[in-house]
Amino acid sequence: MALSSTIINLLLYFLSFNFYSPFVVAVDENKTKPSFCHNQFQSVLVRNWVDGVEREYIEGLSGEFGSVLPMEEKKARRLPAVLSNPLNGCTLPSSKLSNSIALSARGDCEFMEKAQVSQSGDAAGLLVINDEEDIFEMMCSENAVNIMIPVVMIPASGGKQIKESIASKGKVELLLYAPISPVVDVSVVFLWMIAVGCVILASIWSEYIACEQHCDPYQGMTACAIALISRVSRNCRNHTVKLPLFGDATVLSIVVFPLCLAFAIFWVVHRHASYSWFFQDFLGICLMINVLQLARLPNIKVAAVLLSCAFVYDIFWVFISPLLFHESVMVAVARGKNSGGESIPMVLRLPKLIDPWGGYNMVGFGDVIFPGLLISFAFRYDRANNKGFKDGYFLWLTIGYGFGLFLTYVGLYLMNGHGQPALLYLVPCTLGTLVVLGKVRGELRMLWDYDENASLSRPPGGA
């Protein structure tokens with residue numbers, strides 16, 4: 001009964017924390033195109049300045065007709081922006097477009113007609129504003145003509161921003177280019193270090209930092225802060241006061257909790273800011289440390305059930321769900337596709353450092369927590385059985401976790417950014433390592449049926 005209860009509780013943690021980072025899917029069209037179509041779609045970065053002050057860049061998509069944009073910013077031209085007149089861009093403009101980038105609204109005529117009209121007005125490029133936030137591929141028409149200017153579609157929000165700036169008589173300048181993301185961004189290395197470091201810290205937390213804090217009714221950041229302060233000054237926990245409705249509470253918790261709450265509220269309010277990743281990661285690390293103190297694997301029998309379920313679950317929602325739902329459900333949830341762009345903040349994320357497109361590298365909380373449950377069990381097992389680093393399991397499982405996370409990123413890049421189920425790599429590299437080592441050392445049966453409470457009741461070195 002106790003085993004069943006443990007498995008059910010751990011599975012509930014699993015369903016709560018197993019989230020994944022979004023990815024970009026490349027599209028390959030294999031169709032016969034008219035001769036004037038260059039048969040190449042480009043993801044376009046639109047930098048824009050208003051009266052010399054740069055605004056947030058806009059992402060667009062070039063048509064399969066028109067000139068190809070340069071991949072390097074230094075080879076692109078910074079040109080003034082003007083609105084097509086009429087705005088639909090379907091008839092010859094009443095104002096000059098020479099040496100400028102024209103903005104046109106979607107509709108009333110084909111995209112190639114708009115491009116031809118802008119080209120006849122001597123425009124240097126054309127931005128087509130979609131009436132929605134999604135952008136799609138502008139295909140060649142059957143009556144293709146030779147378009148010698150770049151044609152790019154941008155979403156409604158970006159077009160509105162530029163239109164309002166022009167309408168307010170501001171001097172708007174645009175620069176269009178199609179940069180290529182680097183194969184590897186150095187932020188991946190730092191994210192790997194954070195994930196591995198979080199697993200190690202959570203595993204040793206109870207032993208070296210908060211060995212007497214298991215039963216404290218605090219969560220997340222508050223629990224971590226109180227544990228750290230109490231480790232430095234144990235007397236801080238001795239001063240208590242009685243609060244209405246809450247009963248006895250330590251003075252330390254009364255001081256720390258409002259500060260932690262303010263930290264969390266600040267992140268909620270500024271969660272879309274460029275610096276919000278730091279607050280999200282800090283809160284996430286504290287949460288994962290706390291979870292790994294509350295949810296503990298008693299032996300590898302439970303670990304085998306939990307991680308095997310996680311292994312299958314991960315593969316299903318990343319690789320199989322697109323066959324059933326026409327898209328990866330995990331990716332849709334992580335991107336916040338159906339919630340106005342609000343993604344679930346259950347990931348550690350770091351901004352890309354050298355990618356001109358910006359964005360973040362991410363790792364899901366579940367990819368830290370579930371292997372972390374096994375690694376923290378290995379640490380406790382080693383301590384209870386007086387095992388050192390070399391003859392124990394904690395060191396080797398930590399190395400296995402780091403290697404599995406490395407394989408996850410290798411798979412991501414080899415598959416051209418296709419989202420990877422991290423537990424596909426992490427489960428064999430952690431649970432597999434423990435099983436193989438236990439078998440070689442003749443301790444697999446002991447690990448399988450291990451009773452941590454019984455082990456703690458025995459004196460050190462006792463039989």
Measure the spacing between CG of L283 and CZ of F266 and express it to the nearest 0.5 Å.
11.5 Å
Any donor-acceptor pair under 3.5 Å linking the side chain of K114 with the backbone of A105?
yes
Is any side-chain heavy atom of L252 less than 4.5 Å from a side-chain heavy atom of S230?
yes
Please answer whether the main-chain N or O of P351 pairs with a side-chain N or O of W277 as donor and acceptor at a distance below 3.5 Å.
no
Whether the side chain of E133 engages the backbone of S157 through a donor-acceptor N/O pair (distance < 3.5 Å, no angle test) should be reported.
yes
How about OH on Y57, more than 12 heavy atoms from neighbouring residues, nucleotides or ligands closer than 6.0 Å, or not?
yes
Test side-chain contact (heavy atoms from CB on, under 4.5 Å) on V196 and F406 and set out the steps.
CA-CA 11 Å; V196 174; F406 169 76; over 6 Å; no
Is the backbone of D355 close enough, under 3.5 Å, to the side chain of D185 for a donor and an acceptor to pair up by distance?
yes
Check the angle between the aromatic planes of F394 and F389 and answer parallel, tilted or perpendicular using the 30° and 60° thresholds.
tilted
Take R296 and S206 through the side-chain hydrogen bond (donor to acceptor under 3.5 Å, both in side chains) test and state the conclusion after the steps.
CA-CA 12 Å; R296 295 189 171 197; S206 294; 2.8 Å; yes
Interatomic distance, OG@S84 vs CD1@I129, rounded to 0.5 Å, equals 8.5 Å
Please name the pair of heavy atoms, one in T222 and one in C260, separated by the smallest distance, quoted to 0.1 Å.
OG1-CB, 3.6 Å
Taking the side chain as every heavy atom from C-beta outward, state whether Q42 and L61 have any atom pair closer than 4.5 Å.
no
So how far is it from L191 CG to L350 CG, rounded to the nearest 0.5 Å?
5.0 Å
Looking at side-chain heavy atoms only, is the closest gap between L127 and I101 below 4.5 Å?
yes
Kindly assign one of parallel, tilted or perpendicular to the pair H270 and Y275, based on the angle between their ring planes and the thresholds 30° and 60°.
tilted
Salt bridge between K171 and D51, side-chain N to carboxylate O under 4.0 Å?
no
Begin with the C-alpha distance, continue with both residues' side-chain angles, and end with the deciding distance and a verdict on side-chain hydrogen bond (donor to acceptor under 3.5 Å, both in side chains) for S43 and E59.
CA-CA 7 Å; S43 294; E59 295 183 15; over 6 Å; no
Whether W396 side chain and T433 backbone form a donor-acceptor pair below 3.5 Å
no
Should V318 and Y313 count as side-chain neighbours, where that means a heavy-atom distance under 4.5 Å?
no
Is the shortest side-chain heavy-atom distance between V347 and V363 below 4.5 Å?
no
Check P150, S62, P179 against V44 for a side-chain contact (heavy atoms from CB on, under 4.5 Å) and give me the one that passes.
S62
Would W49 and L175 count as a side-chain contact (heavy atoms from CB on, under 4.5 Å) if you check the C-alpha gap in whole Å, the side-chain angles of each, and the deciding distance to 0.1 Å?
CA-CA 9 Å; W49 293 261; L175 185 146; 3.7 Å; yes
Measure from the side-chain N and O atoms of Q293 to the backbone N and O of A202, and report whether any donor-acceptor pair falls under 3.5 Å.
yes
If you look at every heavy atom in F111 and M153, which pair is closest and at what distance?
CZ-CE, 3.7 Å
So, does N385 use its side chain to make a donor-acceptor pair with the main chain of Y381 at under 3.5 Å?
yes
Do you know the tightest heavy-atom contact between T430 and P371?
CG2-CB, 4.3 Å
Which atom names give the shortest non-hydrogen contact between L126 and S104, and what distance separates them?
CD1-CB, 3.7 Å
Test item: N130 side-chain N/O and I154 main-chain N/O as donor-acceptor pair under 3.5 Å:
no
Answer yes or no: is there a donor N or O on one side and an acceptor on the other, between the side chain of R231 and the main chain of L228, under 3.5 Å?
no
Parallel, tilted or perpendicular: which fits the ring planes of F263 and F279, with parallel below 30° and perpendicular above 60°?
tilted
Step by step, would you call M139 with E64 a side-chain contact (heavy atoms from CB on, under 4.5 Å)?
CA-CA 6 Å; M139 312 290 288; E64 63 176 354; 3.5 Å; yes
Write down the atom of I375, the atom of S203, and the distance for their closest heavy-atom approach.
CG2-OG, 3.7 Å
Answer whether the closest heavy-atom distance between the side chains of N299 and L447 falls below 4.5 Å.
no
Just verifying a value: how many Å separate L294 CG and N290 CG, rounded to the nearest 0.5 Å?
5.0 Å
Distance-only polar pair, side chains of S276 and R349, donor-acceptor under 3.5 Å
yes
Whether over 12 other heavy atoms sit under 6.0 Å from Y360 OH:
yes
Between the CG atom in L407 and the CG atom in L424, the distance rounded to the nearest 0.5 Å is 9.5 Å
Can you name the one residue among R78, Q161, E173, E54 that meets side chain to side chain donor-acceptor pair (under 3.5 Å) with N48?
Q161
Applying side-chain contact (heavy atoms from CB on, under 4.5 Å) to L412 and T408, what does each step give before you reach the verdict?
CA-CA 6 Å; L412 181 69; T408 302; 5.8 Å; no
Is the centre of the F379 ring less than 6.0 Å from the centre of the Y393 ring?
no
Side-chain contact test, heavy atoms from C-beta onward, threshold under 4.5 Å: evaluate it for L297 versus L306 and give yes or no.
yes
Is there a donor-acceptor pair under 3.5 Å between the side chain of S253 and the backbone N or O of T250?
yes
Atom pair CZ (F41) and CZ (F136), whose distance is rounded to the nearest 0.5 Å:
11.0 Å
Nearest atoms (heavy-atom pairs only) where G404 meets Y425:
O-CB, 3.5 Å
More than 12 non-hydrogen atoms from neighbouring residues, nucleotides or ligands closer than 6.0 Å to CZ on F190, yes or no?
no
Are any non-hydrogen side-chain atoms of R380 and S376 less than 4.5 angstrom apart?
yes
